[in-house]
Structure formats: C-alpha cells, structure tokens
Amino acid sequence: MTAQIIDGKALAQDIRQQIRQQVAQLGPQAVPGLAVILVGDDPASQIYVRHKVRACEEVGMRSIAQRHPADLAESQLLEHLDTLNRDPAIHGILVQLPLPAHISAERVIDAIAPEKDVDGFHPVNAGALLGGRPGLRPCTPLGCMRMLASIGLTDLGGRSAVVIGRSNIVGKPMALLLLAANATVTICHSATPNLAQVTRQADILVAAAGRAGMVSGNMVKPGAVVIDVGINRGADGKLCGDVDFAAVREVAGAITPVPGGVGPMTIAMLLANTLDAARRSAA
Ligand code: GUN
C-alpha cells in the first residue's frame, strides 16, 4: 500500500480562495492589512517574505513590506513596530525570523501588539494557547491541523500523536494544538533516546526537527499519518523534508510532500490569521 498524499498546495489554494471572498465581503472600508518586516539579506527569508506579501495581495489584502539592512539597530526596529502597532490600517505584523545576532528576537516579539501578532509568538498568544483561550495561533502548526482536518481527522481522541521537535515556532505549539484536539501527545527532541521506538507508536507523526530525511521507514507505524514540517536543502541541492518520503510513503497511510505540503499551508494560515485579526479589530 502506498500512502495517500495530502496536497498542501491545493488545500492552501482552496483556503486562499475562501479568504479572498471573505475579504471582498468586508468591503473597501475594512481591507485587512499585513506588515512584514525583514532585517538583513538571508536568501531563504527573502523568498518567504516575497511569498507572504504576494499571497496577501492575491486575496485582496493590503500589505507593507519593510526591508531593513542587517545592521539596523534594535531600537530602530522597536520604533517601527511601535508605529505599526498604532496604525489602524495594519491588522497583522510579522517580523521574519531569524533576526541578526545583535537583535533580541524576544524583545522584538514582545514589542508586537498581541492582537496584531499574526505569527502567534507573543507570550500573550502563547499563553492563550496553553490555557485554551482564544488568541492567534502559530501559522505552521495551524496549517498542520488543517491538513489533518482535510483527511477527516478533527477529533483526535484515542489517537497517539508524536511531535519531533520542540521549537517555539512549531514543536511546542503543535503539541498543544494536538492536545487541544484530544490526541495523546508525546514530544521528542535531540535528547530523546530510542526515538524510533517512540515514533513507531504514533498514529500521527509530525516531523519538525530540521534534519533532512531523518524519519526513515522503520520509524513509522503502518498506516500512520505523517506530516513533514522540514524544509532542508538536500545534498543534491533540492528542497527536501525531515522525512525520507520515498521510503515512508510505502509504510504510512497518508503523508505530506515537501515542497507542496506544509509550506503553502503556513502562508494560507498567515492570511487566515490576518483576516481574523482584522475582524476582531472591527468588532
Ligand atoms: N521563520 C521561520 N518560520 C517563521 C514563521 O512562521 N514566522 C516568522 N516570522 N519567521 C519565521
């Protein structure tokens, strides 16, 4: 049996189409606005920011892209954030990570108004997720949940979910969203012994370790759903995930590809969060 492929690109396209209609219904007086800030010239970050801005425009949202040199002072960045926080035409603010070493990502994240924090990284939103309160959720984990929902997995009661990775951006919020959906959740990371033994228990396996091809076929329970969050550059220069796709698709029940899986969903969820933030600001 080969696994069903969960087509994130097509699913993201559907969601963007829906968002486009919802933006149109808000009318010209209430166009949602997103500000994306990039500091420095990291090539991958430049591509991500370009995709985010373009996606925004495609659904009829307003977008501002601020590109700053790598030597921008932290105080200047904080001033830009203060201006955007007070701009009523801006509903979402995203500072692309990673930031140059002389800037504290924590101070920057803390400076974004929580109601405009469409990345869901501010401690107020992270705390809201932990406490099961409403708030903006991180885009990548949210996209993973939507992919599970697309194959009928909404209530995960009775299912075991294993997350590989414990980052604030993916691993930790992913585990909390799975838990909120009633899964029995395990978080694994670089200091976990016998990783394969743990991952083989998973009905749902989320790989967010950032290591190319680290999830092999023998780490996957037959029939499991495997979500690959990794974006790595393989030895051949091609984009690849954390999952050995060719091997795991022969074992899994469903699997997300890289590219065309989680990546496009992250951007769709950024738009969904921006729409959400705009609606709440109007309410
Ligand atoms: N860098 C890698 N992933 C992300 C993300 O989801 N948001 C931001 N702001 N930066 C990132």
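Read the numbers this way: they start at 1 and go in the same order the structure lists the ligands and their atoms.
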request  = Give the residue, atom name and distance (to 0.1 Å) of the protein heavy atom nearest atom 11 (C) of ligand 1.
outcome  =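 Heavy-atom neighbour on the protein nearest atom 11 (C) of ligand 1: Q96 NE2, 3.4 Å.
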query = In the protein, which heavy atom is nearest to atom 10 (N) of ligand 1, and how far is it?
reply =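 Looking at atom 10 (N) of ligand 1, the protein heavy atom closest to it is L97 N, 3.0 Å.
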task = For T2 and E250, test the side chains for any donor-to-acceptor distance below 3.5 angstrom and give the result as yes or no.
result =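 The criterion, which ignores hydrogens and geometry beyond distance, is not satisfied for E250 and T2.
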ask   = Does the side chain of T266 come under 3.5 Å of the side chain of T140 through a donor N or O and an acceptor N or O?
value =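 Their side chains do contain a donor-acceptor pair, which is all the 3.5 Å distance test asks for.
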request  = Could you list the atoms of ligand 1 found under 4.0 angstrom from a heavy atom of L94?
outcome  =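 Selected atoms, number and element: 9 (N).
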message = Which of the numbered atoms in ligand 1 are under 4.0 angstrom from any heavy atom belonging to V95?
response =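 Taking each heavy atom of V95 in turn, ligand 1 has 8 (C), 9 (N) under 4.0 Å.
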Passing option when M269 is tested against R146, M145, R137 for side chain to side chain contact (heavy atoms under 4.5 Å, CB included) =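 Filter result, single survivor: R146.
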request  = Could you check L156, L177, V206 and say which one makes a side chain to side chain contact (heavy atoms under 4.5 Å, CB included) with L148?
outcome  =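 Only one of L156, L177, V206 forms a side chain to side chain contact (heavy atoms under 4.5 Å, CB included) with L148, namely L156.
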message = Quick test of your reading: applying side-chain hydrogen bond (donor to acceptor under 3.5 Å, both in side chains), list the pairs with at least one residue in residues 216-227, sequence neighbours left out, ordered by first then second residue.
response =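 Output for this query lists D203-K221, S216-N218.
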inquiry  = I want to confirm something. Looking only at heavy atoms, which of V170, D119, I267 is nearest to atom 9 (N) of ligand 1?
reply    =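 Comparing heavy atoms across V170, D119, I267, the nearest one to atom 9 (N) of ligand 1 lies in D119.
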ask   = Any heavy atom of Y48 sitting closer than 4.0 Å to ligand 1?
value =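 Y48 does not count as a contact of ligand 1 under the 4.0 Å cut-off.
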